Undergrad: 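Dumping the structure here so I can ask a few things about it.
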Amino acid sequence: MHKRYLVTGGAGFIGSHLIDSLLQAGAEVVCIDAFHDYYDPSRKRANVGRHLVHDRYRLVEADIRDAGRMRSLVAEHRPEVIVHLAARAGVRASIQEPYLYQEVNVGGTLNLLEAARCAGVKKFINASSSSVYGENPKIPFAETDALLCPTSPYAASKLSAEALVHVYARQYGFTAASLRFFTVYGPRQRPDMAISKFSSLMLRGKPIEIYGDGTARRDFTYVEDIVRGIRLAADVEFCGHQLFNLGCAEPVKLTELVDELERALAIKAERLYGPTQPGDVPLTYSDISKARRILGYVPQVSLRQGLQRFARSLSDQAQLHSLPPQSLPLAFEPAQMAL
């Protein structure tokens with residue numbers, strides 16, 4: 001592989017896994033990340049430590065809200081593909097800070113699209129979210145569903161970003177995809193996500209709180225499957241702007257998730273139940289037939305397998321943090337254990 005990729009948000013959870021895969025395949029990668037403090041930035045510093053040893057990798061600390069910087073970076077590096085992952089994430093947090101989510105997720109996407117237009121970039125991959133479906137009455141959720149019912153500023157910002165990508169692809173002739181990710185999990189996951197939060201509490205012998213009665217279902221998708229989908233979208237030829245669901249297509253109740261997490265960690269959870277949170281939806285369920293047909297996307301990791309891998313990663317990282325400083329990998333910056 002000789003492609004040059006520009007990846008925004010490349011120090012984060014999904015981005016760092018994607019860059020692992022791209023570097024392994026021989027690609028050149030420019031990573032843009034602002035290292036903002038939505039969660040401990042040292043976790044992201046640890047993520048990029050594994051990449052800094054590669055001569056085909058460059059890390060740039062920059063904010064996608066800086067339109068001039070985005071134009072100059074894209075013009076300088078002339079990537080063949082932009083993978084735009086950078087965003088403010090989190091449904092509940094977006095209700096508290098709606099303006100910030102608009103600035104980053106919509107304004108930042110517009111800045112990247114303008115930069116791509118000016119530099120003549122031919123392919124633009126936009127990370128969207130299953131949240132755009134909101135309380136969609138049709139099950140499973142398909143890209144052709146006309147009635148989208150977002151329930152949070154985060155979801156609305158992702159839907160707006162999709163619309164901008166569509167306009168730019170139509171007006172300026174580049175190929176684009178908006179990938180609707182369904183509840184991604186795995187090693188390096190954000191600490192505020194359910195699997196990370198539950199694991200941390202269980203390992204410390206503390207009770208976990210399940211919002212609602214535990215019957216809400218989520219289409220949990222392992223990060224390696226998401227990375228595979230992103231790379232397929234970057235490599236496969238198609239026309240215009242396409243929407244693709246990337247999920248596992250097997251929604252699981254939250255109570256069943258905890259059952260599987262207990263098995264993976266070999267720990268029994270003390271369960272508490274609290275009220276449903278603002279912006280939450282009762283179900284996410286992906287119809288992946290379009291991604292399967294056009295991209296050849298087929299999820300390969302079951303929830304049980306994925307949670308077992310996640311549990312092993314916690315054990316491996318705990319062992320890493322027990323090593324003396326001189327034994328740590330080059331450019332590794334210690335972070336809190338990614339639970």
Side-chain angles (χ1 to χ4, degrees), residues 5-20 29-52 57-74 77 82-115 125-129 131 152-158 160-161 164 179 181 183-197 200 223 226 230 279 331-339:
Y5 288 77
L6 187 147
V7 180
T8 70
F13 166 40
I14 298 173
S16 63
H17 281 278
L18 173 64
I19 292 174
D20 285 347
V29 180
V30 178
C31 169
I32 296 176
D33 206 291
F35 293 93
H36 60 65
D37 60 358
Y38 179 77
Y39 62 94
D40 186 354
S42 67
R43 295 174 183 258
K44 298 178 205 171
R45 299 284 179 190
N47 291 344
V48 301
R50 73 194 76 236
H51 302 146
L52 292 171
Y57 174 84
R58 180 182 174 188
L59 173 64
V60 180
E61 294 194 34
D63 193 317
I64 61 172
R65 290 175 289 181
D66 186 338
R69 188 84 190 279
M70 292 305 105
R71 281 198 300 273
S72 65
L73 285 170
V74 175
H77 294 286
I82 291 177
V83 181
H84 177 39
L85 300 172
R88 285 295 284 206
V91 167
R92 293 161 202 153
S94 74
I95 295 172
Q96 304 302 318
E97 298 185 278
Y99 286 101
L100 176 61
Y101 278 70
Q102 181 79 9
E103 291 168 7
V104 176
N105 296 356
V106 182
T109 300
L110 180 59
N111 291 340
L112 264 296
L113 287 166
E114 269 292 292
I125 307 299
N126 172 51
S128 189
S129 169
S131 294
S152 67
Y154 168 71
S157 73
K158 284 297 191 179
S160 298
L164 283 171
L179 309 179
F181 300 158
T183 317
V184 190
Y185 72 99
R188 307 175 217 162
Q189 186 178 19
R190 293 196 336 255
D192 61 309
M193 299 300 288
I195 290 172
S196 292
K197 186 163 58 174
S200 176
V223 65
I226 293 294
I230 296 170
F332 179 86
E333 296 188 25
Q336 297 176 359
M337 183 162 38
L339 300 178

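Sequential numbering from 1 along the given sequence is applied to the chain's residues. None of these values were measured; they are calculated from a predicted model.
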Undergrad: If I take atom CD from residue E114 and atom CZ from residue R71, how far apart are they, to the nearest 0.5 angstrom?
TA: 7.0 Å
Undergrad: For residues Y154 and G90, report the shortest heavy-atom separation together with the two atoms involved.
TA: CB-O, 3.8 Å
Undergrad: Distance from S128 atom OG to N105 atom CG, nearest 0.5 Å?
TA: 10.0 Å
Undergrad: Does the side chain of D40 reach to within under 4.5 Å of the side chain of P191, using non-hydrogen atoms?
TA: no
Undergrad: Determine, stepwise, if the pair Y185 / M193 fulfils side-chain contact (heavy atoms from CB on, under 4.5 Å).
TA: CA-CA 8 Å; Y185 72 99; M193 299 300 288; over 6 Å; no
Undergrad: Can you measure from NE2 (H36) to CZ (R65) and round to the nearest 0.5 angstrom?
TA: 8.5 Å
Undergrad: Would you compute the distance between atom CG of L113 and atom CG of N126 and round it to the nearest 0.5 angstrom?
TA: 7.5 Å
Undergrad: Heavy-atom distance under 4.5 Å between the side chains of H84 and I64, does that happen here?
TA: yes
Undergrad: For A34 and D63, which heavy atoms make the closest approach, and how far apart are they?
TA: CB-CA, 4.1 Å
Undergrad: Before you tell me yes or no, could you show the steps for H51 and D20 under side-chain contact (heavy atoms from CB on, under 4.5 Å), namely the whole-Å CA-CA distance, both residues' side-chain angles and the distance that decides it to 0.1 Å?
TA: CA-CA 7 Å; H51 302 146; D20 285 347; 2.6 Å; yes
Undergrad: Do we see a donor-acceptor contact under 3.5 Å between the side chains of H17 and N47?
TA: no
Undergrad: Flag the pair L73 / V30 as yes when at least one side-chain heavy-atom distance between them is below 4.5 Å, and no otherwise.
TA: no
Undergrad: Mark yes or no: K158 above the aromatic ring of Y101, with NZ or CZ under 6.0 Å from the six-membered ring centre and no more than 45 degrees from the axis.
TA: no
Undergrad: Is the shortest side-chain heavy-atom distance between M70 and I32 below 4.5 Å?
TA: yes
Undergrad: Just verifying a value: how many Å separate S157 OG and L100 CG, rounded to the nearest 0.5 Å?
TA: 10.0 Å
Undergrad: side-chain contact (heavy atoms from CB on, under 4.5 Å) for K197 and Q189? Distances and angles first, verdict last.
TA: CA-CA 10 Å; K197 186 163 58 174; Q189 186 178 19; over 6 Å; no
Undergrad: Quick one: are D66 and N111 in side-chain contact, heavy atoms under 4.5 Å?
TA: no
Undergrad: Rounded to the nearest 0.5 Å, how far does NZ of K44 lie from OH of Y39?
TA: 4.5 Å
Undergrad: Minimum heavy-atom separation for A11 and C31, please, with both atom names.
TA: N-SG, 3.7 Å
Undergrad: Measure the shortest side-chain to side-chain distance between I14 and I230 over non-hydrogen atoms and say whether it is less than 4.5 angstrom.
TA: yes
Undergrad: With side chain to side chain contact (heavy atoms under 4.5 Å, CB included) as the test, pick out the partner of Y5 among V83, I125, I82.
TA: V83
Undergrad: Does NZ or CZ of R88 come closer than 6.0 Å to the centre of the six-membered ring of Y38, within 45° of the ring's axis?
TA: no
Undergrad: Can a donor-acceptor pair be found, under 3.5 Å and without considering hydrogens, that links the side chain of T8 to the backbone of A86?
TA: yes
Undergrad: Looking at every heavy atom in both G10 and I19, which two are closest together, and how far apart are they?
TA: O-CD1, 3.5 Å
Undergrad: So do D33 and V48 actually touch side chain to side chain, heavy atoms under 4.5 Å?
TA: no
